[in-house]
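Below is one structure, written out as structure tokens, with a few remarks after it.
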Amino acid sequence: MSDCFRLTSPGPLQRPLEGSVDVGGAKNSALKLMAATLLAPGHSEISNVPDILDVHVMAQLLEQLGCTVSVTHPSPEETLRGSGTVAIEVPEDLHPVAPYDLVRRLRASICVLGPLVARCGTARVALPGGDNIGSRGLDMHIRGLEELGAAVRVEHGMVVAEAPGGLTGANLWLDFPSVGATENLVTAAVLAPGRTLVDNVAREPEIVDLCEMLVEMGAQIDGIGSSTLTVEGVERLEPARHTTVGDRIVAGTWTFAVALAGGDVTVDGASVRHFEIAADKLVAAGAQIDQLANGFRVRCDRRLDAFDVVTLPYPGFPTDLQPFAMALAAVARGTSMITENVFEARFMFAQELARLGADLRTDGHHAVVRGIERLSGAPVVAHDIRAGAALVLAGLAAEGTTTVADAHHIDRGYPHFVEVLASLGADIARVPGD
Ligand code: UD1
């Protein structure tokens with residue numbers, strides 16, 4: 001039975017959060033960096049990798065493919081940052097089959113597809129599982145690989161890609177700036193002879209991080225951080241030695257925590273520029289955020305004003321911070337409108353938030369949230385990483401005790417979540433589920 005997180009609060013602004021938080025590397029970058037090491041035989045090392053289950057699942061997957069992997073993390077007694085190092089020994093000959101029992105536990109495992117086809121000319125990767133936040137198609141991954149010269153089919157629950165003569169550079173475009181498709185196509189193209197131009201790519205800081213690591217490995221990529229990437233294929237890449245970019249979603253999470261509870265917290269290790277639209281919304285609503293050399297400081301001493309949010313690919317408002325915005329809107333002064341454009345099922349969270357007393361209504365991908373003064377603690381269930389964390393934070397603005405079941409979802413995105421929140425002064429504990 002999965003643990004619960006139990007949080008007790010006197011209500012918003014009654015027990016402000018104080019102190020500092022050290023944010024480690026981004027989950028959504030580290031997992032892709034690990035997959036990309038497959039592109040070069042030899043010893044690669046990725047540092048600032050978060051201490052979360054998904055990293056261990058990705059390590060097991062790489063071992064299944066023929067690598068030797070060692071994951072080292074400091075103990076929470078040493079630091080709550082929860083970031084360590086992953087060393088990966090990549091063999092000359094990989095076994096390009098990613099089985100369902102590992103892939104279903106981790107959506108990001110689809111990111112081995114591009115590197116495997118590039119290195120081996122063939123790959124069989126089970127269709128992924130991951131969060132319960134929507135259908136999460138693979139059509140753009142598949143069409144892009146086909147345009148690079150692979151024959152791709154889906155059979156018996158596996159994506160099977162074959163390019164016996166290797167891939168070749170091509171001009172591609174994405175219907176939508178998909179993060180995963182961009183990653184797979186860039187990692188497939190770096191070893192493909194000729195020029196690949198991919199238009200309408202995702203521009204998330206995690207994509208920039210991946211491209212920068214590939215360049216350090218010897219890849220030739222132009223346009224990093226823009227909507228068009230141009231890749232000039234090279235014959236061989238060198239092993240990687242790279243530090244993962246700070247986790248902007250974790251940093252954003254602690255920013256919303258202060259907005260919900262009140263307080264004064266310094267966040268180190270991640271840039272506020274990486275979630276600027278969300279930060280600007282909070283400032284416009286009445287919070288104070290100041291950039292610092294290695295992070296930022298967030299302060300809040302009053303009930304915030306209502307605000308509207310529309311989720312969009314980067315640099316738009318991140319869908320991964322949308323549940324936190326909805327939790328905050330529930331106690332803001334006035335009525336907020338939230339539009340979810342990226343993952344249709346993310347509003348499952350609204351039903352749980354309503355259990356805490358939130359006054360909201362959803363219609364398709366829009367939600368109208370009428371702010372009330374305080375929520376009231378209740379038992380609720382985490383359906384995915386961000387919804388789970390947002391329910392705990394909603395508990396900061398609720399009077400009484402909020403118990404969030406299925407907290408293993410939260411552990412998947414946040415190293416030492418309970419300990420960090422407790423270090424800021426929240427009354428929170430991990431308790432066994434019933
Ligand atoms: C990644 C992140 C996730 C984040 C999301 C958007 C990881 C492990 N996860 O997910 O936390 O919320 O980016 O910032 O990095 N789609 C298709 N066909 C495709 C590919 C995507 O229809 O071939 C759709 C998806 O169903 C979804 C939307 O496009 O509705 C966005 O997906 P995408 O950007 O690919 O997100 P992920 O890489 O899955």
Side-chain angles (χ1 to χ4, degrees), residues 25-36 49-50 52-55 57-58 61 103 105-114 125 127-147 152 154 159 161 172-188 198 200-210 227 244-245 247-250 252-253 274-275 277-278 310-325 339-347 349 365 383-390 409-410 412-414:
K27 163 181 100 71
N28 287 350
S29 195
L31 297 170
K32 323 305 176 58
L33 300 175
M34 288 173 71
V49 173
I52 50 172
L53 181 66
D54 287 10
V55 163
V57 178
M58 181 56 90
L61 176 58
V103 172
R105 295 168 62 193
L106 182 61
R107 163 87 187 171
S109 45
I110 194 64
C111 284
V112 300
L113 183 61
V125 179
L127 289 166
D131 276 335
N132 303 319
I133 53 175
S135 59
R136 307 187 95 169
L138 288 180
D139 51 309
M140 288 181 257
H141 301 239
I142 291 174
R143 204 188 58 221
L145 287 175
E146 285 173 342
E147 283 167 8
V152 188
V154 177
V159 181
L172 323 174
W173 46 266
L174 302 180
D175 287 333
F176 176 91
S178 152
V179 170
T182 302
E183 289 158 347
N184 254 329
L185 297 178
V186 170
T187 49
V198 197
N200 199 26
V201 294
R203 293 185 282 158
E204 270 69 359
E206 295 78 22
I207 303 272
V208 171
D209 201 27
L210 173 66
S227 313
T244 312
V245 69
D247 197 318
R248 68 195 163 99
I249 304 300
V250 172
T253 298
H274 286 169
F275 63 101
I277 289 196
V310 178
T311 68
L312 283 172
Y314 191 84
F317 193 101
T319 175
D320 285 352
L321 288 180
Q322 183 265 107
F324 304 99
T339 304
E340 174 56 59
N341 286 319
V342 183
F343 287 114
E344 71 273 21
R346 270 226 142 107
F347 281 169
F349 167 71
H365 64 134
H383 291 298
D384 69 70
I385 303 174
R386 309 305 166 189
H409 286 296
I410 304 172
R412 282 188 47 219
Y414 299 86

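As the structure lists them, so they are numbered: ligands from 1, and atoms in each ligand from 1.
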Closer than 4.0 Å to some heavy atom of Val342 - which atoms of ligand 1 meet that?
27 (C), 28 (C), 30 (O), 31 (C)
One finds that the ligand 1 atoms under 4.0 Å from a non-hydrogen atom of Arg107 are 39 (O)
Side chain to side chain, [X] and [Y], heavy atoms closer than 4.5 Å:
| X | Y | answer |
| --- | --- | --- |
| Trp173 | Asp175 | yes |
| Ser178 | His141 | yes |
| Gln322 | Arg346 | yes |
| Leu31 | Val55 | yes |
| Leu127 | Leu138 | yes |
| Val201 | Ile207 | no |

Here the pair of heavy atoms bringing Leu321 nearest to Ala278 is CD1-CB, 4.0 Å
Taking all non-hydrogen atoms of both residues into account, name the closest pair between Ile385 and His409 and its distance.
CG1-O, 3.3 Å
Regarding ligand 1, does Ala108 bring an N or O atom to under 3.5 Å of one of the ligand's N or O atoms?
no
Return a yes/no value for Ser178: is any of its N or O atoms, backbone included, closer than 3.5 angstrom to an N or O of ligand 1?
yes
Considering [options], which one's heavy-atom position lies nearest to [atom]?
| atom | options | result |
| --- | --- | --- |
| atom 38 (O) of ligand 1 | Pro177, Gly180, Gly144 | Gly180 |
| atom 27 (C) of ligand 1 | Tyr314, Phe176, Phe343 | Phe343 |
| atom 16 (N) of ligand 1 | Arg346, Lys32, Met140 | Met140 |
| atom 9 (N) of ligand 1 | Thr182, Asn184, Asn28, Asn341 | Asn28 |
| atom 20 (C) of ligand 1 | Ser109, Ser29, Gly137, Ala181 | Gly137 |

Note: Thr319, heavy atoms under 4.0 Å from ligand 1, region reported as side chain
Under a 4.0 Å heavy-atom limit, does Asp139 contact ligand 1 with its side chain, its backbone, both, or neither?
both
